[in-house]
Each structure stands twice: as C-alpha cells, then as structure tokens.
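Please read all numbers here as calculations on a predicted model, not as lab measurements. In this chain, numbering begins with 1 at the start of the sequence shown.
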Amino acid sequence: MTGPTTRSLLFDRPGLDEGRLTRLVGDTLSGMDDGELYLEYRQSESLAFDDGRLKAATFDTTQGFGLRAVAGESTGYAHASELSEDAIRRAATTVTAVKSGRIGTLDLAPTGTNRRLYSDENPIAAVDFAAKVKLLQDMDAFARAKDPRVRQVSVSLASSWQAIHLLRGDGASAGDIRPLVRLNVSVVVGEAERQESGSFGTGGRTSLPAFIGANTWHAAVEEALRQAIVNLGAEPAPAGEMTVVLGPGWPGILLHEAIGHGLEGDFNRKKTSAFAGLLGQRVAAKGVTVVDDGTIPDRRGSLTIDDEGTPTSRTVLIEDGILRGYLQDRLNARLMGVRPTGNGRRESFAHSPMPRMTNTYMLAGDRPKEEILAGVKNGLYATNFGGGQVDITSGKFVFTCTEAYRIENGRVTTPVKGATLIGNGPDVLTKITAIGNDMMLDPGVGTCGKAGQGVPVGVGLPTVRIDGLTVGGTQSR
C-alpha cells in the first residue's frame, strides 16, 4: 500500500528525490538475493502522572533510514538518522561489501495490498495536551475516591504515529501509516503495614479518543483496583506439581513466550528450536490450534504490511495438535524454500528485520470455563501474569503469576501470591486436557523483546487446563 501521506512525509524534502533513490537502490542491490531501503518518520508522546501530579511529559520526533543488502545468509545493514541522498549513498558503499563477488538474482517483491487495518489519523494530534493531562488527573481522583485504602496511583498515556516507506531494487515500493496508543494505570492499596498493587492497561492501533471515554478509563481503573484488593487478601502460594488452569486473555503471554518464539523461522532454520524438524508431527494435545494473525483490525500486534513490505496473514502454526508451519520473514523463508508469512519486523530504521510474532493465540474449544474448573480437585487458577523467562533451545520457562487462586474441590477459593509456573513449552502443549469456549485477546499492552529489539504484539487464550505443571511457591502442599 502506497499513498501520498508516506511520500509527502519522507520524500518531500530537499535533496531526497524518489526517482534517484529508486535507481540508487537498484544499483546497490544488483546481484543480491534481497534487500530494501527502509525509510521511517515517527512522532511519539508520553505522559506520566504519579503521586497526584504530572511527573513527566515527553514529545519526540525521529526519522532515518536503514539500507539492507542480503546475499545468501549474509546481511549488510547500514542506517542513519539523516534522511538525505548523500547519507544513503554512503550506506550503499558499506552494504555492498556483503556481496563478495557473488552474482545472484533479486528475490521477487512482495505482492501489494489495498487492505487498510487502521486509520491514518495521528493519535497525538487528535486530543489536545490539556485534555490528556485532565484524563490522567481524573483517573487518579477516581481511583482514590473508590476506596480509602488506595495509597498511590500511577497513570501513563503513550501515543505514537509512524510512517514507513520501502524501496526495493526492482523498483517496487510500499508504504504504511501506523498509529499506536497505550493507557496504563497502577494502584497500590494498603491495610496497616501490608501493601499490594494491581495494574491494568489497554491500547491498540486506533485513535486516542477511543481510549479517553469515561467507560473505558473507568473500567481500567476499577480493574487495577480490583487486582490490588485481591492481592491484599492473598495467602502464600502452594508449591509442587499440580493441575493449573489458565484464565482467558492475557495469560496467552505464556503461549507467546514458551511456544511462539520457538516457532519463528530463524530458530528453526538454524535448528536451535525445540520444534525444529517437527513439521507434520504431533507436538500438542488434540484440540490445540495456535495461529498468528496480523490482520485483525486495530489490534496492537496488527500490521497492514510487515517491515519488509509483505502483507501480514493468518498463519496456522499448530492445527489440532499437529505442527503446520513457522513464522517467516523473507530471508529465512527463502533459505527454507517456503513463502514469507508477513512476520518480518523491526523496532525501527536502526534495526534489521527478523521473524517476529504479531497477534498469537490459541483457538477456542468447546468446554465452558465453569465445567473445566469444576473438574479440578486441587490446583491453581492463574488469571494474570507478570514477567517470565524462556530458553528457546530447550523450551524451558518460568513465569510469575500476578493474580492466582487455589482451586479446591472444583471451586475457586483463596487468592494466592508468589506463584511461579515452571515447565517446558513443548511438554506443556501435550499436557493440555481441556480447552474453554471463551477465547479472549489481551487488552492491547504486549511488547515482545528479541535480540535487543522491542515490537508491539498481541496474545490470546481461552481457559485452558494443564495437568502436572510445576508451581513454585512459598508454602508446601
């Protein structure tokens, strides 16, 4: 998708002619297997309200380019924050060194698309600064008025507006305008000497007014406060091997980290993933279907085109327990002899693209949540997660629960704190014994880190029962 907006932002400046740049990119990438010139312009704004007053307000404009040349498995990459023809010519001299005399054929350009997944409207400009500050003030006052136990409220609002344009060696081009908004609230409550916190965030690729209506931010504050109050009454978590039921929505972050990264093309091409070489084989229990879908309108992880110009897609990774595919950028897809899936992503012009997730989730099953919980005699119900760690090669993971409860004789009872889930991603997939009919996507707050790059993503999950998962806690069973 190309349009006057990206061109006016990125080419309408002295010394930067699109025609000359197209010829320069063509000459630079002649004899290469792939590559592109990636141009970017971005505005970012962030406001933070804490302790009853505005603590920080930042606005930033960044722009630059990244020029990539790919020959075989080797990549030459140069970038600069100077958007000028002279700077791009200097970069061209650097990246062509990767060819080393090799004569290749430039890979075919991605197929174009007229699809639009989000508005071009700049969320930063959609609401004036005073109204944004008032929103944060109102959220702070609302939280404090809801419960006398509230001791601290922290609220933040972040918006960005990104324009990208790609030029390829064959003359093909593609562009995109990407809005992004995120609203977060954290509440600390206390009784006597004990203090606990709760947090909630929401966001997506849409305009800011969608997030500042009272219904939206009232719900966000109330959810953060609810979590904090639950944690205030939580007991030490049990420890040992037990049945764990994951709640719908944000607990899909465990799926993202423990399984999703292992299904990215680079790890599988290099055979460093626990899933390498298993296409067509059973890797999960029957009923488990996992997809990565970058085409869902307005979602945080969605893109009209990826950062190589390939339209995003709905990629089935695991179907009824059978491994069907991997997430591919152009380089790894070419080397593995498959089609790219629209998962080539980069944090900014200063980074080379790599295969990354968009919105990754498990499809719903046919079991009501209440029925799944009723079948557990003694276990843990985990509904919110914090940080986690995963080893891609082995699949081993550790995740911290920020909201969890005991399950006793089929009933959700006491909230617990300090619970961690310990396991192995491929092994966990085989231990799923029930899948709920209540699949939910997360509220729009995910950021994925890989090789030092962070990109916005989405996750999702129905209620899922896992038998025989290790729980780390502070109270023995």
Under 3.5 Å, side chain of Asn359 to main-chain N/O of Asp293, donor-acceptor pair present? yes

For Ala109 against Arg330, the heavy-atom pair lying closest together: C-NH1, 4.0 Å

Looking at Asp329 and Arg345, does any basic side-chain N land under 4.0 Å from a carboxylate oxygen? no

Are any of the side-chain heavy atoms of Leu157 and Leu208 separated by less than 4.5 Å? yes

With distance as the sole test, does Ser302 use its side chain to make a donor-acceptor pair with the main-chain N or O of Ile296 at under 3.5 Å? yes

Where do Val445 and Trp250 land on the side-chain contact (heavy atoms from CB on, under 4.5 Å) test, with the steps shown first? CA-CA 9 Å; Val445 295; Trp250 179 244; 3.9 Å; yes

Can a donor-acceptor pair be found between the side chains of Arg115 and Thr312 at a distance below 3.5 Å? yes

side-chain contact (heavy atoms from CB on, under 4.5 Å), that's the test. Do Phe275 and Ile259 meet it? Break it down for me. CA-CA 9 Å; Phe275 293 97; Ile259 299 161; 4.0 Å; yes

Using atom types as modelled and distance alone, determine if a side-chain donor or acceptor of Tyr326 lies under 3.5 Å from a backbone N or O of Phe267. no

Is it the case that more than 12 heavy atoms not belonging to Lys270 sit under 6.0 Å from its NZ atom? no

We want to know whether His165 and Thr6 form a side-chain donor-acceptor pair, criterion being a heavy-atom distance below 3.5 angstrom. yes

Just verifying a value: how many Å separate Ile212 CD1 and Met139 CE, rounded to the nearest 0.5 Å? 11.5 Å

What are the two closest non-hydrogen atoms of Ile177 and Ala163, and how far apart are they? CD1-CB, 3.5 Å

Quick one: does any side-chain atom of Gln453 pair with a main-chain N or O of Glu347 as donor and acceptor, under 3.5 Å? yes

4.5 Å side-chain heavy-atom contact, Tyr118 and Leu303: yes

Judged by modelled atom types alone, do Asp320 and Thr289 share a side-chain donor-acceptor pair under 3.5 Å? no

Let me know which of Arg334, Arg346, Arg356, Arg68 forms a salt bridge (charged side-chain N to carboxylate O under 4.0 Å, His left out) with Glu308. Arg68

Work out which heavy atom in Gly365 is nearest to a heavy atom in Ile435; give both atom names and the distance. N-CG2, 3.4 Å

Could you give me the CA-CA distance, side-chain angles and deciding distance for Asp27 and Arg89, then say whether salt bridge (Lys or Arg N to Asp or Glu O under 4.0 Å) is met? CA-CA 11 Å; Asp27 292 342; Arg89 286 189 181 279; over 6 Å; no

Begin with the C-alpha distance, continue with both residues' side-chain angles, and end with the deciding distance and a verdict on side-chain contact (heavy atoms from CB on, under 4.5 Å) for Arg269 and Leu331. CA-CA 10 Å; Arg269 177 178 66 83; Leu331 185 152; 4.1 Å; yes

Tyr361 and its side-chain contact (heavy atoms from CB on, under 4.5 Å) partner, picked from Val290, Val291, Val459: Val291

Would you check if the side chain of Lys417 reaches a backbone N or O of Asn231 as a donor-acceptor pair within less than 3.5 Å? no

Inter-residue atom distance Asn343.CG - Asp292.CG, 0.5 Å rounding: 5.0 Å

Check whether any side-chain heavy atom of Met32 lies under 4.5 Å from a side-chain heavy atom of Val70, and answer yes or no. no

Out of curiosity, Leu469 CG to Asn424 CG, how far, rounded to the nearest 0.5 Å? 10.5 Å

Is the closest side-chain donor-acceptor distance between Asp298 and Thr206 under 3.5 Å? no

Nearest 0.5 angstrom please: Ile305 CD1 to Leu166 CG, how far? 6.0 Å

Below 4.5 Å, heavy atoms only, C-beta onward: do Tyr41 and Leu83 meet side chain to side chain? no

Looking only at heavy atoms, which two atoms of Glu121 and Ala126 are closest? And how far apart? OE2-CB, 3.6 Å

How far does CZ of Arg42 sit from CD of Gln63, to the nearest 0.5 angstrom? 12.5 Å

Check the surroundings of atom CZ in Arg13: do more than 12 heavy atoms from other residues, nucleotides or ligands lie under 6.0 Å from it? yes

Distance-only, no hydrogens or angles: does the Asp176 side chain make a donor-acceptor pair with backbone N or O of Ile164 under 3.5 Å? no

For the salt bridge (charged side-chain N to carboxylate O under 4.0 Å, His left out) test, which of Asp307, Asp306, Asp120 pairs with Arg178? Asp307

Compute whether any side-chain donor of one residue and acceptor of the other, for Glu82 and Ser84, lie under 3.5 angstrom apart. yes

Check the pair Thr447, Arg182 against side-chain contact (heavy atoms from CB on, under 4.5 Å), reporting the backbone distance first and the verdict last. CA-CA 11 Å; Thr447 297; Arg182 178 169 171 169; 4.0 Å; yes

Counting N and O atoms only, with roles assigned by atom type, does the side chain of Asn268 sit under 3.5 Å from a partner on the main chain of Lys271, one being a donor and the other an acceptor? no

For Ser199, does its backbone N or O pair with a side-chain atom of Gln227 as donor and acceptor, under 3.5 Å? yes

Contact check, side chains of Phe385 and Cys401, non-hydrogen atoms, under 4.5 Å: yes

What one should report as the nearest heavy-atom pair of Thr75 and Ser352 is CG2-OG, 4.1 Å

Looking only at side chains, do Asp50 and Ser154 share a donor and an acceptor under 3.5 Å apart? yes

Just so I know, are the side chains of Thr94 and Arg90 near enough to count as touching, which here means a heavy-atom distance under 4.5 Å? no

Give a yes or no answer on whether the side chain of Lys450 reaches the backbone of Pro355 with a donor-acceptor pair at less than 3.5 Å. yes

Measure the spacing between CG of Leu21 and CD of Glu18 and express it to the nearest 0.5 Å. 8.0 Å

Tell me the closest heavy-atom pair linking Thr202 and Asn184, and the distance in Å. N-OD1, 4.3 Å

For Ile124, does its backbone N or O pair with a side-chain atom of Glu45 as donor and acceptor, under 3.5 Å? no

Quick check: do Met362 and Ile432 have side-chain heavy atoms less than 4.5 Å from each other? yes

Validation row: Arg168, Asp34 side chains within 4.5 angstrom (heavy atoms): yes

Asp60 and Ser44: side-chain donor and acceptor closer than 3.5 Å? no

